[in-house]
Amino acid sequence: MLVITNLSAHYGGVQALHNISLEEGAGEIVALIGANGAGKTTLLNLISGIIRPSNGKIVFNGQDLISLAPEKIVELGIIQVPEGRLLFGPLTVKENLELGAYRRRAKADRKKVSKDFEYVLQLFPVLKNRLEQRAQTLSGGEQQMLAIGRGLMAKPRLLLLDEPSLGLAPLIVQEILTIIVRLKKEGTTILLVEQNARAALRISDRAYVIETGRIRLQGKAENLLENEEVKKAYLGQDLRKK
Ligand code: ATP
């Protein structure tokens, strides 16, 4: 579904990504794990067309994305849920969800949009009682749920999730992870960016480890969970104690 080949990106004179190659098949959860500043968000922003690469290719279902405007990429079904959620704070929960479906506002789509609205509320019942509440007054966990819900309102084929667990209590993280697995089961393909490597590897099929703009390791998530380098650098296990 998604094929990235030899992708590089610069911010001014500084190279942020070096020859990244990554593939994702339909129906997979692929995790991209790495420390602060490794280049994870940069990669998502390249896929979404928010920034442009200095080299390389991004192909989605056979279509080259490099020269497409971000709104065209959204139309293809690539939807990013950004780090920090970036909700419209003064707007209500309902309005934020409606804005997720902004590009589907044609009359013919209205029925489908209202079905998706019901689906999101069923997925996140906590939002149902808060439809008229301003997004900025929600708790962190509720805001993350709203951000994912808003993404789902755009009818994603490929959902790009940037650090959905960031700053959330463990129980809420668990809730979000359960939802991500459910979305996969219901047919959404997900590229999951996480610093919480353990959580990401537990629910993903495959993963890539990114370090200072380069892919260092890749493989099945279950194998990476057992990989000594990954354990040491990302899973907080001190191997000397073993
Ligand atoms: P985090 O988990 O902290 O968000 P990340 O892995 O998503 O980190 P990026 O945000 O992609 O990392 O940043 C990769 C590198 O590019 C960093 O060195 C960062 O300082 C740099 N960078 C990111 N955005 C810009 C920008 N707009 N201008 C200049 N440099 C940038």
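One-based numbering, in listed order, for ligands and for the atoms of each. Note that this is a predicted model, so its numbers are computed, not measured. Numbering of residues begins at 1 and proceeds along the displayed sequence.
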Sub-4.0 Å heavy-atom environment of ligand 1, residues by chain: Tyr11, Ala16, Ala35, Asn36, Gly37, Ala38, Gly39, Lys40, Thr41, Thr42, Glu83, Glu163, Gln195
Regarding [X] and [Y], does a basic nitrogen lie under 4.0 Å from an acidic carboxylate oxygen?
| X | Y | value |
| --- | --- | --- |
| Glu132 | Lys94 | no |
| Asp116 | Lys155 | yes |
| Glu228 | Lys231 | yes |

Glu194/Ser165 under side-chain hydrogen bond (donor to acceptor under 3.5 Å, both in side chains): CA gap, chis, key distance, verdict: CA-CA 7 Å; Glu194 266 297 338; Ser165 79; 2.9 Å; yes
Tyr119 side chain to Glu186 side chain, donor-acceptor N/O pair below 3.5 angstrom: yes
Pair Val209-Leu32, side chain to side chain contact (heavy atoms under 4.5 Å, CB included): steps then yes or no: CA-CA 6 Å; Val209 177; Leu32 186 63; over 6 Å; no
